[in-house]
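First up is the structure itself, then whatever we jot down about it.
When reading the values below, keep in mind they use all heavy atoms of this one structure, side chains included, and skip hydrogens, waters and symmetry mates. The chain is numbered in sequence order, starting from 1.
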Amino acid sequence: MKIQHIRNATLWLEYGGSTFLIDPMLSEQGANPPVFNTENDRRNPLVPLPGAVEQWLSPNAILVTHLHPDHWDAAAVSLLPHDLPLFGQEGDRDTLVEQGFENVTEIIDKLTFQGITITRTGGQHGTGEIGQLMGKVSGFVFQAEGEPVMYVAGDTIWCDEVKIALDVFKPEVTIVNAGGAKFITGGHITMNEQDVVDLCEYAPSTKVIAVHMNAINHCLVTRDKLKAHLEKEELQDRVKLPEDGEWCNV
């Protein structure tokens, strides 16, 4: 297994002999407006892609955890071939088909693709009213013969659904969206520093890769902030914080 962190939550995954593009946000730097109701007005994405976009346009399949524009943007819709296998969560198929994609499959429970089992898991994209407004989100677990079990948690805070996924699948690798995204009011809607610590303490056998930082204006936990907090908790060796474009060999 090889993972390239492209930018934000966008990943290139080489797993079980297949390649996957996960949560593609392919817009040029500053092409999109800031997320509304946030404490700054910086345009998104905050940073450029770490290379020419063409290198990520021919995976064997695309996986979209949910349709928020920092995970699936207009540039991805425009640039990616519309005949590629595209996997998403239940309820998102109609939108993806309307956007012109011809080979869309909802993962309601699990499916097998080229010998790889992909299982959907739940999550909470925040709490209270804001969590309800953010809508349904999903994580996904990858399993294949000869490969480590990998859990992509998706846009979620530390919650019971994540605990259940860790308990059931016992992943060797867990990828978390750790930007601590937050609006002016309400709590965080993706994992913050303490959420990552709580996950590490709950599942000491999993290797954690933290992404979804330094790219969107309402993600207030930067790599430097998370690194400092992990060092304080003596967990810096448990969590990888890849830079944009960096490969993680597992």
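With hydrogens and angles ignored, the 3.5 Å screen pairs a side-chain donor or acceptor of Q55 with a backbone N or O of A52. No donor-acceptor pair under 3.5 Å is formed between the side chain of T190 and the backbone N or O of A178. A donor-acceptor pair under 3.5 Å is formed between the side chain of K225 and the backbone N or O of L220. With R42 contributing its side chain and P34 its backbone, the two residues share no donor-acceptor pair below 3.5 Å. In this structure a side-chain-to-backbone donor-acceptor pair under 3.5 Å is present from R93 to V104. With hydrogens and angles disregarded, no donor-acceptor distance shorter than 3.5 Å links the side chain of Y15 to the backbone of F20. With hydrogens and angles disregarded, a donor-acceptor distance shorter than 3.5 Å links the side chain of N217 to the backbone of V35. No side-chain donor-acceptor contact under 3.5 Å links D195 to the backbone of I157. With hydrogens and angles ignored, the 3.5 Å screen pairs a side-chain donor or acceptor of H5 with a backbone N or O of N8. With hydrogens and angles disregarded, a donor-acceptor distance shorter than 3.5 Å links the side chain of D73 to the backbone of S27.
Across P59 and L84, no two heavy atoms sit closer than the pair O-CD2, 3.2 Å. Summarising the geometry of H82 relative to Q99, their closest heavy-atom pair is CE1-O, 3.3 Å, with the distance given to 0.1 Å. Between A144 and G115, the closest heavy-atom pair is CB-O, 4.0 Å. When all heavy atoms of Q29 and P48 are compared, the closest pair comes out as OE1-CD, 3.3 Å. In terms of heavy atoms, M1 sits closest to P148 at CE-CG, 3.8 Å. The two atoms that bring C200 and V208 nearest to each other are SG-CG2, 4.0 Å, heavy atoms only.
With salt bridges taken as basic N to acidic carboxylate O contacts below 4.0 Å, one links E243 and R223.
Side-chain contact between Y151 and K170 is absent, with no heavy-atom pair separated by less than 4.5 Å. Contact of the W158 side chain with the V196 side chain is not registered, since no non-hydrogen atoms from C-beta on lie closer than 4.5 Å. Counting heavy atoms from C-beta outward, L86 and N103 have side chains that stay 4.5 Å or more apart. The shortest distance between side-chain heavy atoms of Q143 and T119 falls below 4.5 Å. Looking only at side-chain heavy atoms (C-beta outward), R43 and P33 come within less than 4.5 Å of each other. Contact check for V162 versus M191: side-chain heavy atoms found under the 4.5 Å cut-off. You'll find the side chain of T174 stays beyond 4.5 Å of the side chain of M150, heavy atoms only. Annotation: side chain of K163 is in contact with side chain of D160 (closest heavy-atom distance under 4.5 Å).
In this structure, W72 has its ring center under 6.0 Å from that of F101. Taking the six-membered ring for Trp and the full ring otherwise, F113 and F87 have centroids separated by under 6.0 Å.
A distance of 10.0 Å separates CD in Q4 from CG in D244, rounded to the nearest 0.5 Å. Once rounded to the nearest 0.5 Å, the distance linking CG of N214 with OG1 of T222 reads 5.5 Å. Residue L226 holds its CG atom at 11.5 Å from CD of Q236, rounded to the nearest 0.5 Å. Distance CG/D198 to CD/E233: 9.0 Å, rounded to 0.5 Å. Within the model, atoms CD1 of I184 and CG of N37 stand 4.5 Å from one another, a figure rounded to the nearest 0.5 Å. Put simply, SG on C219 and CG on D70 are 6.5 Å apart, with the number rounded to the nearest 0.5 Å.
In the hydrophobic clustering of this structure, L111 groups with F140; members are Ile, Leu, Val, Met, Phe, Trp, Tyr whose side-chain heavy atoms approach within less than 4.5 Å, directly or through other members. Taken together through direct or relayed side-chain contacts under 4.5 Å among Ile, Leu, Val, Met, Phe, Trp and Tyr, L21 and I107 form parts of separate hydrophobic clusters. Both V173 and F142 are assigned to one and the same hydrophobic cluster, defined by single-linkage of ILVMFWY side chains at heavy-atom distances under 4.5 Å. Note on I62 and V211: separate hydrophobic clusters, where clusters join Ile, Leu, Val, Met, Phe, Trp and Tyr whose side-chain heavy atoms are under 4.5 Å apart, directly or indirectly. Cluster annotation: L13 and L57 are assigned to distinct hydrophobic clusters (Ile/Leu/Val/Met/Phe/Trp/Tyr, side-chain heavy-atom contacts under 4.5 Å, transitive).
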Should L241 and V239 be marked as a side-chain contact (heavy atoms from CB on, under 4.5 Å) after you check the CA-CA gap, both sets of side-chain angles, and the distance that decides it?
CA-CA 6 Å; L241 306 177; V239 183; 3.8 Å; yes

Walk me through it: do Y202 and D167 pass the test side-chain contact (heavy atoms from CB on, under 4.5 Å)?
CA-CA 10 Å; Y202 186 85; D167 290 342; 2.8 Å; yes

CA sep, side-chain torsions, deciding dist, call: T156, Q124, side chain to side chain donor-acceptor pair (under 3.5 Å)
CA-CA 5 Å; T156 182; Q124 294 182 27; over 6 Å; no

Let me see the working for I216 and L46 under side-chain contact (heavy atoms from CB on, under 4.5 Å), right down to the final yes or no.
CA-CA 6 Å; I216 298 294; L46 303 178; 5.7 Å; no

Step-by-step salt bridge (charged side-chain N to carboxylate O under 4.0 Å, His left out) determination, K240 to E246
CA-CA 11 Å; K240 175 76 172 175; E246 184 176 348; 2.8 Å; yes

Evaluate the criterion salt bridge (charged side-chain N to carboxylate O under 4.0 Å, His left out) for residue pair R7 and D23; output intermediate values, then yes/no.
CA-CA 10 Å; R7 179 183 60 185; D23 281 354; over 6 Å; no

With side-chain contact (heavy atoms from CB on, under 4.5 Å) as the test, would you mind laying out the steps for V53 and L79 before giving the verdict?
CA-CA 9 Å; V53 69; L79 293 169; 4.1 Å; yes

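Tested against S138 for a side-chain hydrogen bond (donor to acceptor under 3.5 Å, both in side chains), the candidates Q89, H125, E161, E90 yield a single pass: Q89.
For E28, the CD atom sits in a loose shell: 12 or fewer heavy atoms of surrounding residues, nucleotides or ligands are nearer than 6.0 Å. Atom NZ of K136 sits in a crowded spot, with more than 12 heavy atoms from other residues, nucleotides or ligands closer than 6.0 Å. Heavy-atom neighbours of K232 NZ from other residues, nucleotides or ligands within 6.0 Å: at or below the threshold of 12. Heavy-atom neighbours of D41 CG from other residues, nucleotides or ligands within 6.0 Å: at or below the threshold of 12.
Between the side chains of D155 and H71, at least one donor N or O lies within less than 3.5 Å of an accepting N or O. If you check the side chains of E14 and T19, you find no donor sitting under 3.5 Å from an acceptor.
Using bins of under 30°, 30° to 60° and over 60° for the plane-to-plane angle, the ring pair H218/F183 lands in the tilted bin.
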